[in-house]
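Some notes on the structure that comes next.
In listed order, ligands and their atoms are each counted from 1.
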Amino acid sequence: MQAPLTLSGPRQETMTTIGFIGSGNIGSTLARLAVDAGHDVVLSNSRGPETLQDLVTRLGPRARAATPVGAAAAGDLVVVTIPIRAYRQVPTEPLRGKVVIDTLNYDPARQGSVPEIEADDTPAHLLLQTHLTGSHVVKAFSNIFFKHLAALGRPTGAPDRSALPIAGDDAGARKAVATLIDSLGYDAYDVGPLVESRRFAPGTPAQLAYVNPVGTFAVPGRPASAEDLAKLLAA
Ligand SMILES: NC(=O)c1ccc[n+]([C@@H]2O[C@H](COP(=O)([O-])OP(=O)(O)OC[C@H]3O[C@@H](n4cnc5c(N)ncnc54)[C@H](OP(=O)(O)O)[C@@H]3O)[C@@H](O)[C@H]2O)c1
């Protein structure tokens with residue numbers, strides 16, 4: 001694992017358009033944080049933009065809905081946050097050359113199994129990058145429960161600010177995601193190449209970083225600093 005490095009820096013000056021492929025628990029939570037931070041969001045799901053109108057209305061004028069291809073094309077950064085079994089439906093061409101945030105976890109009991117993961121051909125944490133060969137995939141937001149994500153954001157420098165781990169093969173893409181994360185109220189903790197995201201995959205101590213000490217998912221959860229996270233990632 002490369003030397004841990006926190007990438008929290010000055011607040012983002014240029015606001016970003018963030019595309020969402022998937023607008024469920026994590027997608028809509030991130031969209032809310034993004035809109036509140038002054039970013040524009042373009043949401044999509046599997047059923048069509050018209051089914052997202054209530055969410056768009058709740059999010060306000062910085063939000064609109066599109067198809068997955070439209071959201072992929074519109075985003076400066078694009079978040080893929082769907083059940084992992086649907087990964088092959090993520091459009092490749094409009095994401096070529098872009099930074100793509102991958103929140104996907106493998107939970108076959110709840111979300112259905114993926115044959116290539118079951119066959120040990122491709123580990124779950126690398127699956128989206130193998131599909132999006134032309135994109136710079138950064139794993140992020142995959143180890144935090146969506147209600148904790150909504151509740152634990154803090155301004156830069158707050159003593160109880162939490163850190164979120166990120167991993168991806170392109171350093172520039174990791175930096176872009178770290179800058180976005182900073183604007184959403186979290187420090188980014190860079191664990192290096194995408195393969196290192198196994199350190200915060202399901203079943204690892206880092207997956208429970210923000211869960212209350214008694215092990216419940218009660219809201220608001222528990223803040224975890226970069227130092228806390230470093231210990232969990234090394235465990
Ligand atoms: N829930 C959490 O706290 C949490 C935390 C960390 C990571 N994750 C991971 O993040 C991902 C999303 O989780 P979630 O809880 O947000 O799921 P969710 O609430 O079930 O939402 C899934 C979203 O993906 C959309 N979708 C499904 N197939 C699609 C496709 N082919 N193209 C475009 N959109 C599609 C769904 O749209 P329709 O409703 O129209 O099908 C829905 O908007 C999962 O991989 C999960 O493992 C979840």
Practice task
For the pair D170 and R174, find out whether any cationic side-chain nitrogen is under 4.0 Å from an anionic carboxylate oxygen.
Solution key: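 Salt bridge between D170 and R174, a charged N being under 4.0 Å from a carboxylate O: no.
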Review point. Would you say the side-chain atoms of T92 and H131 include a donor-acceptor pair closer than 3.5 Å?
Key: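 The criterion, which ignores hydrogens and geometry beyond distance, is not satisfied for H131 and T92.
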Can I get a per-line list of side-chain donor-acceptor pairs under 3.5 Å for residues 112-129, giving both atom names and the distance, sequence neighbours left out?
| unit_1 | atom_1 | unit_2 | atom_2 | d |
| --- | --- | --- | --- | --- |
| E116 | OE2 | Y87 | OH | 2.3 |
| E116 | OE2 | R88 | NH2 | 3.1 |
| E118 | OE2 | Y106 | OH | 2.5 |
| Q129 | OE1 | V137 | N | 3.1 |
| Q129 | NE2 | L132 | O | 2.8 |
| Q129 | NE2 | S135 | O | 2.9 |

Applying the 4.5 Å side-chain criterion to the ILVMFWY set and letting contacts propagate, would L180 and L229 be lumped into a single cluster?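 Yes; tracing contacts between hydrophobic side chains, which count when under 4.5 Å, links both residues.
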Practice prompt. Select all protein residues for which some heavy-atom-to-ligand 1 distance is less than 4.0 Å, and list them by chain and number.
Written response: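 Within 4.0 Å of ligand 1, the protein residues are I21, G22, S23, G24, N25, I26, N45, S46, R47, P68, T81, I82, P83, A86, Q89, T103, L104, N105, Q111, F141, S142, I144, F145, F146.
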List the atom pairs, donor and acceptor, that lie under 3.5 Å between side-chain atoms in residues 70-78 and the rest of the protein, sequence neighbours left out.
| unit_1 | atom_1 | unit_2 | atom_2 | d |
| --- | --- | --- | --- | --- |
| D76 | OD2 | T17 | N | 2.8 |

Below 3.5 Å, can you tabulate the donor-acceptor pairs from side chains in residues 46-56 to any protein atom, sequence neighbours excluded?
| unit_1 | atom_1 | unit_2 | atom_2 | d |
| --- | --- | --- | --- | --- |
| T51 | OG1 | N45 | ND2 | 2.9 |
| T51 | OG1 | G48 | O | 2.7 |
| Q53 | NE2 | P49 | O | 3.4 |

